[in-house]
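Quick note on labels: first sequence line is chain A, next is B, and so on, each numbered from 1. All values reported here derive from a predicted model rather than from experimental measurement.
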Amino acid sequence: MLKVILPDGKMLEFNKRVRPMDVAAEIGAGLAKATIAARVDGELTGADTLLPENGEVRLEIITKKSPEALDIMRHSAAHLMARAVMRLFPGVQLAFGPTVENGFYYDFALEHSLSEADFPKIEAEMAKLVKEDEAYERLELPREEALKVLKDMGQTLKVEHLTETLADQETVSFYQQGEFMDLCRGPHVPSAKAIGAFKLMSVAGAYWKADANNQQLQRLYGTAFFDKKELDAYLTQLEEAKKRDHRVLGKQLELFAIDQRVGSGLILWLPKGATIRRQLETFLYEELMRRGYQMVYSPVVGRVGLYMTSGHYPYYADSQFPPIEVDKDDLYLLRPMNCPHHVTMYMQRPHSYRELPLRLAEFGNVYRFEQSGELSGLTRVRGFTQDDAHIFCTEDQVKDEFRNCLEMTQHVLGILGFTDYRVRLSFRDPDSDKYVGDAATWDKAEAALEAVCRELELPNLTIAKGEAAFYGPKADFVVSDCIGREWQLGTVQLDYNLPSENRFDLTYIGPDNLPHRPVMIHRAPFGSFERFIGILIEHFAGAFPLWLAPEQARVLVVSQKYEDYGREIEQKLREAGLRVTGDYRSEKIGAKIREAQLQLIPYMFIIGQREEEERNVSVRDRIAGDLGSMTLEAAIAKMQLEIKEKTIRRREEAEK
RNA sequence: GCUGCUGUAGCUCAGUCGGUAGAGCACAUCCUUGGUAAGGAUGAGGUCAUGGGUUCGAUUCCCAUUGGCAGCUCCA
């Protein structure tokens with residue numbers, strides 16, 4: 001006899017073998033209908049997985065409303081899609097078909113190259129399958145038998161997976177719908193009708209087992225929701241998000257350009273984008289000064305020997321611009337990083353422990369020859385400016401310095417209103433030989449880093465094994481762009497490598513009058529100005545807070561008769577340190593306002609007969625609209641306060 | 001770099017089943033001089049990404065190259 005305990009404490013008893021869906025049916029027909037899967041003693045299982053014959057289980061029925069349900073349904077939709085593709089394109093090889101953040105995909109090996117033109121056909125086939133409402137049946141097969149099944153179906157990729165990766169499994173599970181069968185852990189919905197509204201999204205290439213040396217497969221992406229309304233809402237949201245795309249806004253607002261005459265991945269900062277960048281540079285500069293950094297300048301090239309010593313050269317041979325030979329055996333490299341230059345500065349004379357920590361900062365331009373397929377707007381480029389600094393400190397100071405760096409990053413992101421970032425602790429993979437230095441040092445460094453991150457309660461802390469730089473562990477601040485891609489912005493990295501005897505052999509003289517080895521920290525709160533501003537444009541949807549806005553105010557005259565007074569106001573605003581322009585064209589005031597609104601200019605000064613007579617100004621706020629008339633002095637004071645406080649005002653917030 | 005899609009005016013895009021192209025916005029000139037999101041007229045702008053092939057003829061069809069986009073791989 002089996003006792004089933006439900007979350008509300010209710011207990012049911014069964015004398016025969018039952019499945020979660022039978023239990024649901026026992027409780028009520030409505031629940032049975034809504035059942036997607038179940039949780040048995042905390043383990044996620046399918047609704048049709050047989051429960052034990054005897055004993056006691058805690059059972060939770062997962063309905064459409066549960067957070068896991070969508071994921072399970074999408075996975076079933078992936079199977080549905082795979083089955084439709086198999087029906088339409090015989091001979092297709094199945095690879096894997098997991099769910100992803102907003103949907104699912106399935107990888108196929110297939111002669112015919114899929115394109116969007118195939119989508120309607122596949123979707124129609126899927127709809128037909130939903131209508132047929134076949135059950136998703138789970139089968140457990142012994143390994144040998146499973147192998148035979150897969151071989152008979154001609155699924156060689158899955159055979160390979162079962163032989164190589166799942167070699168130690170005694171039994172494996174399959175899911176079957178009609179003639180379709182696939183190796184899968186599950187769980188799945190009980191039957192196809194549980195799959196709601198779905199849509200195929202895109203097709204792309206992907207490598208078998210994520211290895212570029214392997215065969216390339218076709219990856220079909222789709223998404224599914226429980227109803228059409230949710231799907232439509234998602235699609236609308238995607239469209240909306242695309243309007244925030246920094247590449248679109250960068251063009252519309254004339255912030256930056258990329259031009260083939262200069263080269264791919266090389267950013268031309270137009271006046272408005274340059275203004276934003278300069279504001280951010282000034283902002284960071286003030287933070288650096290407050291925190292005891294010293295600014296330096298260094299050239300963007302260096303002799304190849306420098307990078308040989310640093311150890312960067314062999315590691316990054318593929319991703320740097322080729323060296324320039326100025327003379328026989330005298331090669332210069334466009335620098336892919338600033339560290340060797342800063343290290344060389346440190347080496348100019350002996351240092352006392354009293355000078356440490358020594359913090360050298362530079363907004364340093366670096367160049368990396370990224371693969372063409374990697375380039376993307378401002379977020380992945382070939383020439384960029386790191387808001388870099390290198391800290392030379394004693395072993396004992398590492399933890400405090402680390403904390404300071406993380407705090408600074410947290411602080412600057414906070415000022416800009418970033419709350420939705422995550423922090424990724426990148427540690428080494430102990431099994432890899434990619435990393436330099438001894439295991440004990442790594443362990444110690446990783447432990448210190450993690451402790452500081454926990455102390456600071458950094459949001460969404462995750463640990464990524466194998467993601468560390470080759471020279472030390474790091475903490476990265478990661479954010480998403482408008483289409484959900486994650487980008488690393490700020491970073492704080494520990495380095496035991498560059499100071500070491502086989503690299504630059506850095507020392508400082510300790511209180512014992514003996515040389516000691518300093519530790520280096522590399523850190524960049526923004527990461528790079530290019531990527532950061534790219535994300536920032538999307539973060540604000542181009543509507544920058546006043547202190548960052550390239551054009552803070554525009555003077556609009558009601559008629560050209562008031563141009564003289566308008567120019568007087570414009571000049572006074574400029575003298576007050578504001579970034580201002582004037583619109584004196586013979587357009588109607590409505591048209592001028594519309595243009596200024598579309599350019600997302602925070603303040604408009606409307607000048608007409610009334611203002612001229614009363615010697616005041618009429619102010620229009622981009623978000624709030626007409627603020628009425630006031631003296632010019634009052635308007636300037638209001639703006640200056642807003643700039644000083646770095647106020648963030650957003651339309652969506654203002655509307656609440 | 002790989003797979004797929006894609007490249008027409010400054011921008012967003014139509015179009016040519018092969019006979020060298022069009023709209024809206026932007027721009028210029030003129031009219032208009034206005035009160036909180038688009039006043040009107042006229043005009044200028046294109047080797048239809050580049051190179052080759054097929055053809056009497058290619059922007060259109062084919063091939064290659066190159067840029068862009070999405071994904072993959074990579075990422076100091």
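By the salt bridge (Lys or Arg N to Asp or Glu O under 4.0 Å) test, A/Lys561 is found to be paired with no residue, residues two or more places apart in sequence or in another chain being considered. Every residue two or more places apart in sequence or in another chain that forms a salt bridge (Lys or Arg N to Asp or Glu O under 4.0 Å) with A/Arg485 is listed here: A/Asp481.
Across the strands present, B/rU55 finds no partner; the criterion is a Watson-Crick or G-U wobble pair with both atom distances under 3.5 angstrom. Nucleotide B/rU33 forms a pair with no other nucleotide shown, judged by Watson-Crick or G-U wobble geometry with both contacts under 3.5 Å. Here B/rC17 sits opposite no nucleotide as a Watson-Crick or G-U wobble pair (both hydrogen-bonding atom distances under 3.5 Å). For B/rG67, the paired base is B/rU6 (Watson-Crick or G-U wobble, both distances below 3.5 Å). Under the Watson-Crick or G-U wobble criterion, with both distances below 3.5 Å, B/rC11 is paired with B/rG24. The nucleotide B/rC75 finds no pairing partner, because no Watson-Crick or G-U wobble arrangement with both distances shorter than 3.5 Å includes it. Across all strands shown, nothing is found opposite B/rA44 as a Watson-Crick or G-U wobble partner with both distances under 3.5 Å.
Closest to the A/Arg219 side chain, of the nucleotides B/rC72, B/rG34, B/rG4, is B/rC72. If you check B/rU33, B/rU12, B/rA70 against the side chain of A/Lys251, the one that comes closest is B/rU12. Across B/rC72, B/rC74, B/rA70, the shortest atom-to-atom separation from the side chain of A/Gln371 is found for B/rC74.
Below 30°, between 30° and 60°, or above 60°: for A/Tyr106 and A/His79 the angle between ring planes is above 60°, a perpendicular geometry. By the 30° and 60° cut-offs, the orientation of the rings of A/Phe392 relative to A/Tyr346 is parallel. Taking the six-membered ring for Trp and thresholds of 30 and 60 degrees, A/Tyr421 and A/Phe477 have ring planes inclined between 30 and 60 degrees apart.
On the P atoms, B/rU12 is 22 Å away from B/rC5, given to the nearest whole Å. The same atom, C1', is picked in B/rA9 and in B/rU36; the two are 33 Å apart, to the nearest Å. Annotation: B/rU55 and B/rC61 have their C1' atoms spaced 10 Å apart (nearest Å). Comparing the same atom, P, in B/rU6 and in B/rC30 gives a spacing of 45 Å after rounding to whole Å. On the P atoms, B/rG52 is 13 Å away from B/rU60, given to the nearest whole Å. Nucleotides B/rC27 and B/rG67 have their P atoms positioned 32 Å apart, rounded to a whole Å. A gap of 25 Å separates the P atoms of B/rC75 and B/rG4, to the nearest Å. For the C1' atoms, the distance linking B/rG46 with B/rU16 amounts to 15 Å, nearest Å.
The separation between A/Asn213 atom CG and B/rU73 atom C1' is 10 Å, rounded to whole Å. Note: CG (A/Asn214) to P (B/rG1) measures 21 Å, nearest angstrom. Between A/Glu111 atom CD and B/rG4 atom C1' there is a gap of 16 Å when expressed in whole angstrom units. The CZ-P distance, from A/Arg585 to B/rG35, rounds to 17 Å in whole Å. Atom P of nucleotide B/rA70 and atom CG of A/Leu217 are separated by 22 Å, given to the nearest angstrom. Between A/His312 atom NE2 and B/rC75 atom C1' the separation is 13 Å, expressed in whole Å. Atom CG in A/Leu375 sits roughly 7 Å away from atom P in B/rG68 (whole-Å rounding). The CZ-P distance, from A/Phe119 to B/rC5, rounds to 11 Å in whole Å.
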**Request:** Would you give a per-nucleotide map of nucleotides 36-44 of chain B, 5' to 3', where B means the base has a protein non-hydrogen atom under 4.0 Å away, S means only the sugar-phosphate does, and - means neither?
**Result:** BBBB-----
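Contact check on A/Glu467 versus A/Lys474 returns no salt bridge, with no Lys/Arg side-chain nitrogen under 4.0 Å from an Asp/Glu carboxylate oxygen. Comment: A/Arg567 engages A/Glu563 in a salt bridge, judged by a side-chain N to carboxylate O separation of less than 4.0 angstrom. Using a cutoff of 4.0 Å between basic side-chain nitrogens and carboxylate oxygens, A/Glu551 and A/Arg554 are scored as salt-bridged.
Heavy-atom distances to RNA chain B give each of A/Arg247 and A/Val558 a nearest nucleotide, and the one nearer the 5′ end belongs to A/Val558. In this structure, A/Gln560 and A/Tyr367 both approach RNA chain B, and ranking their closest nucleotides by distance from the 5' end singles out A/Gln560.
A donor-acceptor contact under 3.5 Å is formed by the side chain of A/Tyr207 with the base of B/rG1. Judged by distance alone, with hydrogens and angles left aside, A/Arg380 brings a side-chain donor or acceptor within reach of the base of B/rC74, the pair sitting under 3.5 Å. Side-chain atoms of A/Gln260 and base atoms of B/rU66 include no donor and acceptor less than 3.5 Å apart.
In this structure, the side chain of A/His246 does not engage the main chain of A/Leu536 through any donor-acceptor pair within 3.5 Å. Using a distance-only test at 3.5 Å, with no hydrogens or angles considered, no donor-acceptor pair links the side chain of A/His522 to the main chain of A/Thr491. Without hydrogens or angle criteria, A/Arg620 side chain to A/Asp626 main chain gives no donor-acceptor distance under 3.5 Å.
No engagement by A/Gln218 is indicated, since no non-hydrogen atom pair under 4.0 Å with the nucleic acid exists. As judged by a 4.0 angstrom heavy-atom cut-off over every strand, A/Ala596 is placed among residues making no nucleic acid contact. Note on A/Tyr105: nothing from the nucleic acid sits closer than 4.0 angstrom, heavy atoms only. When heavy atoms are screened at a 4.0 angstrom cut-off, A/Arg485 is found touching the sugar-phosphate backbone but no base atom.
Base orientation for B/rG22: anti, the chi torsion being more than 90° from 0.
Remark: A/Lys209 is not in phosphate contact with B/rU73, judged by side-chain N or O atoms under 4.0 Å from OP1 or OP2. OP1 or OP2 of B/rG68 has at least one side-chain nitrogen or oxygen of A/Ser264 nearer than 4.0 Å.
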